[in-house]
> 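Below: one structure in structure tokens.
Atoms within each ligand, like the ligands themselves, are counted from 1 in listed order.
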Amino acid sequence: MTVRRLEPHATTIFSEVTQLAARVGAVNLGQGFPDTDGPASMIEAAVRAMREGHNQYPPGTGVPELRHAIVAHETEHTGLVHDPDTEVLVTVGATEAIAGAVVGLVEPDDEVVVIEPYYDSYAATVAMAGATRRAARMVRSGDHFRLDVDSLRAAFSPRTRAVLVNTPHNPTGAVLPREDLAQIAALCHEFDAIAISDEVYEHLTYDHNEHVSIATLPGMAERTLRISSAGKMLNCTGWKIGWVTGPAELVAGVRAAKQYMSYTAGTPLQLGVAHALSHEGEWIRTLRDGMQDRRDQLVDILTGVGLDLAVTQGTYFLTADPRPLGVTDAASWCLELPERIGVAAVPFAPFTDSYSDEWSHLVRFAFCKRPGVLEEAGLRLRALAN
Ligand SMILES: *Cc1c(COP(=O)(O)O)cnc(C)c1O
């Protein structure tokens, strides 16, 4: 009964693998959520807010404490300066910020450029707006992924209204270098398009890789909506507190859609996140170091059983190529794995337009788990090497 425009997005192998993993008790390295809590002071601040009676609707744009904390945090890390009253909007996770941006700013005649493989909500959101999706792609370059600039140029047209950018990039683990972002920016200028920039992993970059926001490139602050979220930054994916910043006229478009999607959410949780953004910078830095160790732990495990890996520069994820084990169809392999060895991972299928040879052999593993959980996964994965 689902409407035609959403039918292709209604069920994905993602949910299939998740259900399967739960049924057979597999270690789930498919879904990307951490298994430890965020800072204790953040949780205390939310509990205190609840006890002190902050339990009714917040203002439509978000509680002022959080909007101010978002602006200060953003200025500290990017140098961008936004007005907390007109250029910041608190949303129900980054997911609602993305949906609000597309539904509130893209006309049905417009085209939206996405970069394959992409976060699975992008395609569904463009479909909800009734707009047309044009896919560019990432490409393996040496030991990691980069933007395929030719495909990006080919995807832009005079009808392009927006490009959805994601760095650090889920699922490939790439951190887009400034040169790649400059190419996107040049096309935005040429075709008078806006950038909707999903930066939920902005603090999770490893080694020498540095996160750059496309909003900081020359002339881009005027045409970029920058989206982030407490979920990945502060280990509270279940709180669903996200935000978007940008020029007032673009934020107003997001707000027009958002106010009829959820109106608002989570007053005490917003106050908890406001506290953490203002006081837990050190915790966020420590989280990054811990995640890098987890990445290294999973790299050792997966290379040990013979998988070919792309280098993860940021995010929660490792991209693995199981062809050295004789596996060519990652989707059916991922559907077998939970039952066969008790570990779950997801193929790239939900993140692509065309499940072509380019993607059909790739698998995403999440490493945002406690060391003991990864160790257990490692023991089980050894069965693959035999
Ligand atoms: C997790 C994730 C989101 C969703 O964030 P929420 O705050 O949970 O809505 C959006 N984009 C990417 C790339 C993600 O990995």
Side-chain angles (χ1 to χ4, degrees), residues 9 12 14-15 18 28-35 38 42 62 66 70 73 89-103 112 114-126 128 138 145 147 162-176 195-205 211 213-214 225-245 254 257-258 261-262 264-266 269-270 272-273 276-277 284 287 291 295 312-319 345-346 348 350-352 364-369:
H9 311 283
T12 67
F14 216 127
S15 45
T18 303
N28 190 350
L29 304 185
Q31 229 179 348
F33 62 88
D35 58 0
M42 173 178 81
L66 179 53
I70 288 165
H73 168 265
L89 179 67
V90 176
T91 56
V92 181
T95 307
E96 191 188 49
I98 295 159
V102 173
V103 171
V112 178
V114 295
I115 301 168
E116 283 186 288
Y118 46 74
Y119 186 64
D120 54 353
S121 84
Y122 299 175
T125 292
V126 174
M128 284 187 230
M138 302 285 281
F145 283 85
L147 178 68
V163 54
L164 275 157
V165 181
N166 172 219
T167 183
H169 185 255
N170 174 6
T172 64
V175 172
L176 290 181
I196 301 171
S197 184
D198 178 348
E199 303 177 25
V200 298
Y201 298 103
E202 60 182 308
H203 293 300
L204 295 176
T205 60
H211 171 65
S213 172
I214 194 169
L225 285 167
R226 203 179 87 85
I227 292 169
S228 197
S229 165
K232 311 289 166 58
M233 193 182 291
L234 292 155
N235 279 12
C236 58
T237 59
W239 285 20
K240 296 296 296 185
I241 301 296
W243 55 86
V244 52
T245 60
V254 188
K258 183 262 190 294
M261 291 174 166
S262 60
T264 58
L269 305 180
Q270 290 191 25
V273 172
L277 283 183
I284 293 171
L287 175 71
M291 278 305 168
R295 177 200 63 173
T312 282
Q313 304 168 316
T315 74
Y316 284 167
F317 306 109
L318 271 165
T319 295
V346 288
F348 268 32
F351 313 123
T352 58
R364 189 191 81 174
F365 285 87
F367 53 79
C368 49
K369 307 292 174 186

> Counting N and O atoms only, with roles assigned by atom type, does the side chain of K232 sit under 3.5 Å from a partner on the main chain of G32, one being a donor and the other an acceptor?
no
> I need the single residue from V163, T125, V126 that forms a side-chain contact (heavy atoms from CB on, under 4.5 Å) with V112. Which is it?
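With V112 as partner, V163, T125, V126 yield a single side-chain contact (heavy atoms from CB on, under 4.5 Å), made by V126.
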> Tell me every residue that passes ring-ring contact (aromatic ring centres under 6.0 Å, His included) with Y201, counting only those two or more places apart in sequence or in another chain.
Y316
> Can you tell if the side chain of F14 reaches within under 4.5 Å of the side chain of Q31, non-hydrogen atoms only?
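Answer yes - side chains close enough.
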> Could you tabulate the donor-acceptor pairs under 3.5 Å formed by side-chain atoms of residues 164-175, not counting sequence neighbours?
residue: N166; atom: OD1; partner: N170; partner atom: N; Å: 3.0
residue: N166; atom: ND2; partner: P168; partner atom: O; Å: 3.2
residue: N166; atom: ND2; partner: D198; partner atom: O; Å: 2.9
residue: T167; atom: OG1; partner: L176; partner atom: N; Å: 2.9
residue: H169; atom: ND1; partner: T172; partner atom: OG1; Å: 2.7
residue: H169; atom: NE2; partner: P117; partner atom: O; Å: 2.8
residue: N170; atom: OD1; partner: R364; partner atom: NH1; Å: 2.9
residue: T172; atom: OG1; partner: A174; partner atom: N; Å: 3.2

> How would you list, by chain and number, every residue that makes a side-chain hydrogen bond (donor to acceptor under 3.5 Å, both in side chains) with S228, sequence neighbours excluded?
E202
> Using a 4.0 angstrom limit on heavy atoms, which residues are close to ligand 1?
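Contacting ligand 1 under 4.0 Å are G93, A94, T95, Y119, N166, N170, D198, V200, Y201, S229, K232, K240.
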